[in-house]
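Just so you know, ligand 1 is whichever comes first in the structure, and atom 1 is the first atom listed for that ligand.
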Amino acid sequence: MTELRFYDTLRRDKVAFAPIDPARVRMYVCGPTVYDYAHIGNARPILVFDVLFRLLRHVYGADHVTYVRNITDVDDKINARAAERGITIRQLTEETNAVFQDDVKALGALAPTVQPRATEHIAEMIAIIERLIASGHAYAAQGHVLFSVPSMADYGKLSRRSLDEMIAGARVDVASYKKDEMDFVLWKPSSAAEPGWDSPWGRGRPGWHIECSAMSWKHLGETFDIHGGGVDLVFPHHENEIAQSCCAFDRPVMANVWMHNGFLQVEGDKMSKSLGNFVTIHELLHGTSFGGRSWPGAVLRLAMLRTHYRQPIDWTAKALEEAESALRRFHQAAGSPDGAPSEQLVAALADDLNTPAALAELHALRAAGKADRLAASLALLGLWTPQLYRAEIDPAFAAKVDALIAARLDARKAKNWAESDRLRDELVALGVAIKDGKDGTSWEMKR
Ligand code: AMP
Ligand code: ZN
């Protein structure tokens, strides 16, 4: 079996990967807070861990990998946005989640095995908090429940920060109900206007960190194989998940490997909502704000995979143009995807997801004329999108589309609307998008 090695943030080293149970490899990745459109920086962990999911499925078998990516649908940002827009929280989270699912599907991401919602795991959160109180790791005060950081001897081992750095990084509030300034919220009271659930500590809602401890426990157990997310989650979010889960279950380890992707940047700054330097996935796919045009999902995906996941990426229109021309050349040279992918490509991914080396192998396969290997390797990476390039690859197909377009124009000139609609439907069924402009009709393959 292929040996996998991944960089573990906790051990600060690349380590050999040995799943607890190879028949059920278990991975958890922190998913989106669904209050607004996701930006392309948020797509980076989605794509990085989608490549990892595909690699694990390839090595251990598609039915032997459980990938859990949660949906955070209770959060103060959600409450604020719903109030601002005058809609219910449920309407906002449903609408935002639906867009998110469409966006990441267009980027070629497989659906995770389970996408649990925080609001459906309140009972598990309460159960963990009760265990923490019983074992002296948490305490209730003024309707809040706080995790007691000094109760855990090795708190801080993931981020290895000094106490001062932790205090600065966590932006801790000094509050009268806290025994120690580092203590963090597990549960907080809700006003009548805020979403809330009954609990032993009164009506309230969970803190953010406890959500992931509860959902990973429910779907993956007390200890699992891989936990992932963006590097900004190391502290405090993942540090606090470890504290909650290890103390509640009296286990030394929450996840055996902790993997974190680097930032996607714009001119040297992290892309973020707060800096306002972001472009949404939706706008890249459907709009014209970046590079003056829209981009196929597979092009965005390829552009993302050109950089190793732990390095920063600078997001530029030029990189997207280069990715598009590479993707076109790959498909022009590719054959059938049904066979095995290149062993070198799998070996590159097995070495801490070395996607730049994997893409170099795609170029080598193309140059060597290994058409079927190339197609199967594109498929393993989630980059197999022959429909995008069908018209360029298959001249007979292009001629057929041109003939249908000409026939439709004739029908329109003859005001035979039924016939022109029928021809349009036929074109749509072939995956063709038609645009009627003042200079005539143009077409392209639907993305
Ligand atoms: P957030 O909505 O900030 O909780 O982020 C959701 C996910 O996207 C987390 O895993 C973040 O670490 C990740 N993320 C946010 N911004 C970026 C960025 N600019 N580059 C890479 N990952 C990011
Ligand atoms: Zn999380």
Side-chain angles (χ1 to χ4, degrees), residues 9 27-50 52 67-78 81 93 96-97 99-100 103-104 107 109 112 115-118 121 124-125 128 158-159 169 171 184 186 206-220 224 226-245 254-255 258-281 284 300 303-305 307-316:
T9 305
M27 168 162 85
Y28 186 92
V29 173
C30 301
T33 301
V34 283
Y35 72 102
D36 203 349
Y37 287 71
H39 62 65
I40 191 69
N42 301 132
R44 194 168 189 199
I46 303 296
L47 293 177
V48 164
F49 293 102
D50 180 65
L52 178 53
Y67 173 23
V68 178
R69 187 180 68 213
N70 72 288
I71 295 161
T72 294
D73 60 351
V74 47
D75 184 273
D76 290 351
K77 285 194 285 256
I78 297 176
R81 182 60 58 88
T93 58
T96 311
N97 183 47
V99 173
F100 174 76
D103 284 351
V104 301
L107 297 176
Q115 297 199 65
R117 288 162 183 257
H121 295 74
E124 287 80 2
M125 297 178 208
I128 295 178
L158 181 70
S159 53
R171 289 187 223 106
F184 59 87
L186 301 171
W208 173 35
H209 315 305
I210 196 70
E211 299 178 7
C212 289
S213 283
M215 289 182 271
S216 60
W217 175 42
K218 168 83 182 278
H219 298 283
L220 299 175
F224 50 93
I226 299 174
H227 195 316
V231 67
D232 52 339
L233 299 188
V234 172
F235 186 85
H237 184 54
H238 288 168
E239 199 74 79
N240 292 350
E241 284 189 34
I242 291 175
Q244 295 161 161
S245 295
M254 179 185 189
W258 288 83
M259 294 175 68
H260 294 98
N261 63 270
F263 289 137
L264 182 145
Q265 304 181 328
V266 183
E267 289 164 10
D269 290 320
K270 175 192 173 190
M271 180 178 282
S272 71
K273 294 254 165 77
S274 54
L275 287 178
N277 61 350
F278 66 91
V279 52
T280 64
I281 308 170
L284 285 164
L300 304 175
M304 197 74 87
L305 301 185
T307 305
H308 187 261
Y309 77 94
R310 288 192 282 122
Q311 301 298 320
I313 297 189
D314 220 24
W315 195 253
T316 63

Tell me, which protein residue and heavy-atom name are nearest atom 9 (C) of ligand 1, and how many Å apart are they?
L233 CD1, 3.8 Å

With a cut-off of 2.8 Å, does C30 put an N/O/S atom close enough to the Zn ion (ligand 2)?
yes

Atom 11 (C) of ligand 1: which protein heavy atom is closest, and how many Å away?
D232 OD1, 3.4 Å

Among protein heavy atoms, which lies nearest atom 20 (N) of ligand 1, and at what distance?
L264 N, 2.7 Å

Looking at G228 and F49, what are the two nearest heavy atoms and their distance?
CA-CZ, 3.6 Å

Classify the ring geometry between W258 and H227 as parallel (under 30°), tilted (30 to 60°) or perpendicular (over 60°).
parallel

Hey, is atom 22 (N) of ligand 1 under 4.0 Å from any protein heavy atom?
yes

Proximity flag G31 to ligand 1, non-hydrogen atoms under 4.0 Å
no

Closest protein heavy atom (residue, atom, distance) for atom 6 (C) of ligand 1:
N42 ND2, 3.6 Å

For the 3.5 Å polar cut-off, considering only N or O atoms, please tell me whether M271 and ligand 1 meet it.
yes

Counting only heavy atoms, tell me which of H39, Q265, H237 gets closest to atom 16 (N) of ligand 1.
H39

Specify the protein heavy atom at minimum distance from atom 10 (O) of ligand 1: its residue, its atom name, and the distance to 0.1 Å.
G230 N, 3.1 Å

Can you classify the ring geometry of H237 versus W208 as parallel (below 30°), tilted (30 to 60°) or perpendicular (above 60°)?
parallel

Tell me, which protein residue and heavy-atom name are nearest atom 13 (C) of ligand 1, and how many Å apart are they?
P45 CG, 3.7 Å

Examine all N, O or S atoms of E211, backbone included, and report whether one is under 2.8 Å from the Zn ion (ligand 2).
no

Under 2.8 Å: N/O/S of H238 next to the Zn ion (ligand 2):
no

